[in-house]
Amino acid sequence: MSVIAYIESPGGHFKKSGFEVATYASKVASSLNTQAIAVVIGKSDDAGILGQYGISKVIHVNSGEDVTFDSQIYTSIIAETYKNNGGSILILSHTANGKSIAGRLAVRLNAGCISGVNTLPDTTQGFTVSKSVYSGKAIATYSISTADKILTVMGNSIQPEISGANITPESISISTGEHKVKVLEVKAEEGGVPLPEAELVVSVGRGIKGPENWGIIGDLANAIGAATACSRPVADADWRPHHEHVGQTGIAIRPNLYIAIGISGAIQHLAGVNNSKVIVVINKDPEAPFFKAADYGVVGDLFEIVPKLTEAVKRYKQQH
Amino acid sequence: MNILVCISKTPDTTSKISFKSDNTEYNSDGVTFIMNPYDEWYALVRALEITEQNGGSVTVINVGPATNDIIIRKALAIGAADAVRVDTEAMDSYVVAANIAAHAKSKNYDMIFLGKETIDYNGSEVGAMVAEIMDLPYASYVSRLDISGSTATITRELEGGEEVSQIDGAFVLSAAKGLAEQRIANMKGIMMAKSKPLTVVQPVQADARVSAVKYAVPPPKSGVKLVDPDNMDELVRLLHEEAKVI
Ligand SMILES: Cc1cc2nc3c(=O)[nH]c(=O)nc-3n(C[C@H](O)[C@H](O)[C@H](O)COP(=O)(O)OP(=O)(O)OC[C@H]3O[C@@H](n4cnc5c(N)ncnc54)[C@H](O)[C@@H]3O)c2cc1C
Ligand SMILES: Nc1ncnc2c1ncn2[C@@H]1O[C@H](COP(=O)(O)O)[C@@H](O)[C@H]1O
């Protein structure tokens, strides 16, 4: 048996979520006294780097080609590599593409699948693993009854950990057949860290009053080196781009630090952010519900507080 | 064009979550259930728009017990032509997908729409499973869909970007925000829904592969520590020394 990890390389580059999956897979493998094998598809950075995260073998499929995303083709490649390498557990990242193939692979490999896990599995009695459910209001522990098992790992659930050295990837070629999905274009957002990957996030709500006031928020985000997010009404009003909208209907994030500025803290907003490690709330209303979910709070006018906080961060950065 | 839209039932987000039987079962007492927002607002509405422009009809399907008829009637009131309910408990994503696919195989749908995820378990699993059982292409997290003849042009939301692609022929799609604008059922729709066909079918044989063993409620936050608005150096110090996040 072995643990197989599919590591995404969007645009030819590994992301933090990929190193998280490699680390997760190697930890699962060592708890089962077996090895973790990584699969990389198409163009990518030096795939051997995955050895640093505890992967003992890297299989790089069609390394020279630009294999555009098609869930059927990726499923076939991963299923074949999994079977040829004695896979019994398959780990993917909980990303849009990871989720589009996890379910397919579950059908193809007759495997039970749990998506969005945020802890390592307990393999002492059967196989159980936990994830956050009901918009972060509960934690569920699931068990998988099938021999083959598939997990997708929620971002920021595990710290990438260096435990080995670079290895030489094994290049193989698998015929992909015809793509039924023709990818015309992949647009990357401009600049900065993408929100789902960010460890530090500065987020703004309707308290900002209008898009013309956004500058002070951008300044704070720059000073900290944070990604920016917003509440739904702010995205709906086009004050900020839609992909920054967090919450039940937007995206769910779990950064180390979430600074909520002029956001009331409605339950649908919290659904996307309440797994953040530390929450700071800046709001002029001491009764704002967000304070109940916060670790640190500042009661007052954001237009005065945010520039002061930016200055304080700059002072701190100069000293450290 | 005939489109199948898969709809699920979830607790309203504002519901208080609790468990029973020694934290092994979800306690639905007093909980208000709604149609999963991604299914209702985006998948269903975009399917209706497409059939309004190109002809054809929208069928909705739910895998679940008779108590789910309330959300099925709502989908009919919003505009679906007819509905199918597979009369079984949705034990896991695979059981749901196997039953949806079994129905879809007996018909000839041009497209199958789902929501990007259910807001209770946030699985995002069913769509990919249906696509695989049906051997169809799958476009997930779709925020824009244009149909021209037999070609669909699709925008998918990815982490830190978007992907634009084209698919010819039948496919499965999961809907994200942006795909359509929410529609509210009007009085006429609600009246008409009562007489639209809702066929109840028996489940196919499929075994659940995943089961919930126990639930827990996350430990409460220890309480907010308030910082003086005139002392932001103190906040930065706390974030560095105490919280260790910067
Ligand atoms: C089904 C459903 C799904 C939803 N999904 C989402 C979602 O995914 N994400 C989401 O965010 N919302 C979502 N919502 C909306 C949500 O319920 C709230 O309406 C929304 O989050 C409120 O946004 P807000 O906090 O920015 O605005 P408001 O509620 O208007 O709050 C503004 C806050 O700013 C404070 N403020 C004002 N001026 C200042 C100042 N000068 N200085 C400091 N503080 C100030 C106010 O005290 C207030 O607390 C959803 C709603 C529904 C029904
Ligand atoms: N019991 C069900 N009956 C019909 N469709 C469902 C059911 N459960 C989930 N779905 C569909 O599958 C989508 C994704 O669900 P999930 O994989 O559970 O996150 C939902 O948005 C629905 O469109």
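We name chains A, B, ... by the order of the sequence lines, and we start the count at 1 in each one. Worth knowing before you read on, the calculation uses all heavy atoms, side chains too, and leaves out hydrogens, waters and symmetry mates.
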Problem set entry | side-chain contact (heavy atoms from CB on, under 4.5 Å) between Ile144(A) and Ile114(A), worked out | CA-CA 8 Å; Ile144(A) 306 185; Ile114(A) 302 175; 3.5 Å; yes

Exercise. Which residues, numbered in order, of residues 16-30 of chain B come under 4.5 angstrom of chain A by heavy-atom distance?
Worked result: Ile17(B), Phe19(B), Tyr26(B)

Exercise. Which residues, numbered in order, of residues 3-13 of chain B come under 4.5 angstrom of chain A by heavy-atom distance?
Worked result: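 So the qualifying residues are Pro11(B), Thr13(B).
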
With respect to chain B, which residue among [options] yields the maximal number of heavy-atom pairs within a distance under 4.5 Å?
| options | answer |
| --- | --- |
| Ile73(A), Val133(A), Val313(A) | Val133(A) |
| Gly112(A), Ala96(A), Ser17(A) | Ala96(A) |
| Glu197(A), Lys15(A), His245(A) | His245(A) |
| Ala294(A), Ser145(A), Ser143(A) | Ser143(A) |
| Ala138(A), Ala106(A), Ala271(A), Ala252(A) | Ala138(A) |
| Arg108(A), Gln268(A), Gln248(A) | Gln248(A) |

Segment of [X] engaging chain A (4.5 angstrom heavy-atom cut-off):
| X | result |
| --- | --- |
| Asp230(B) | both |
| Asp207(B) | neither |
| Tyr141(B) | side chain |
| Leu136(B) | backbone |
| Lys244(B) | neither |
| Leu235(B) | side chain |
| Ala98(B) | neither |
| Ser222(B) | neither |
| Arg237(B) | neither |
| Lys214(B) | both |
| Pro37(B) | side chain |

[X] (side chain) donor-acceptor with [Y] (main chain) under 3.5 angstrom:
| X | Y | value |
| --- | --- | --- |
| Asp70(A) | Lys180(A) | yes |
| His240(B) | Ile246(B) | yes |
| Asn118(A) | Met154(A) | no |
| Lys116(B) | Val142(B) | no |
| Arg144(B) | Leu179(B) | no |
| Lys149(A) | Ala147(A) | yes |
| Ser76(A) | Gln72(A) | yes |
| Asn62(B) | Val86(B) | no |
| Lys74(B) | Met35(B) | no |

Would you mind telling me which of [options] has the largest number of heavy-atom pairs within less than 4.5 Å of chain A?
| options | answer |
| --- | --- |
| Asp120(B), Thr14(B), Asp168(B), Thr155(B) | Asp120(B) |
| Ser143(B), Ala216(B), Gly127(B) | Ala216(B) |
| Glu117(B), Glu157(B), Glu234(B), Glu163(B) | Glu163(B) |
| Ser174(B), Ala208(B), Ala212(B), Pro220(B) | Ala212(B) |

Exercise. Considering the options Lys16(A), Lys277(A), Arg254(A), which one meets the salt bridge (Lys or Arg N to Asp or Glu O under 4.0 Å) requirement together with Glu199(A)?
Worked result: Lys16(A)

Let me know if [X] has heavy atoms under 4.5 Å from chain B in its side chain, its backbone, both or neither.
| X | result |
| --- | --- |
| Ala140(A) | both |
| Asn110(A) | both |
| Val280(A) | side chain |
| Ile267(A) | side chain |
| Thr75(A) | side chain |
| Ala266(A) | neither |

Exercise. Is the number of heavy atoms from other residues, nucleotides or ligands under 6.0 Å of Met91(B) CE greater than 12?
Worked result: no

Exercise. More than 12 foreign heavy atoms under 6.0 Å from CZ of Arg183(B): is that the case here?
Worked result: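 Enclosed.
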
Looking only at non-hydrogen atoms, find the nearest pair between [X] and [Y] and report the distance.
| X | Y | value |
| --- | --- | --- |
| Ala102(B) | Val204(B) | CB-CG1, 3.6 Å |
| Tyr38(B) | Ala176(B) | CD2-CA, 4.5 Å |
| Ile251(A) | Pro196(A) | CD1-CG, 4.1 Å |
| Ala111(A) | Thr146(A) | C-OG1, 3.7 Å |
| Thr152(A) | Gly98(A) | CG2-O, 4.5 Å |
| Asp92(B) | Val210(B) | OD2-N, 3.1 Å |

Exercise. For the rings on Tyr121(B) and Tyr134(A), is their centre-to-centre separation under 6.0 Å?
Worked result: yes

For this session: Please find out if less than 6.0 Å separates the ring center of Tyr109(B) from that of His103(B).
Result: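 Yes, the ring centres sit under 6.0 Å apart.
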
Exercise. Is a side-chain donor-acceptor pair under 3.5 Å present for Asp228(B) with Asn231(B)?
Worked result: no

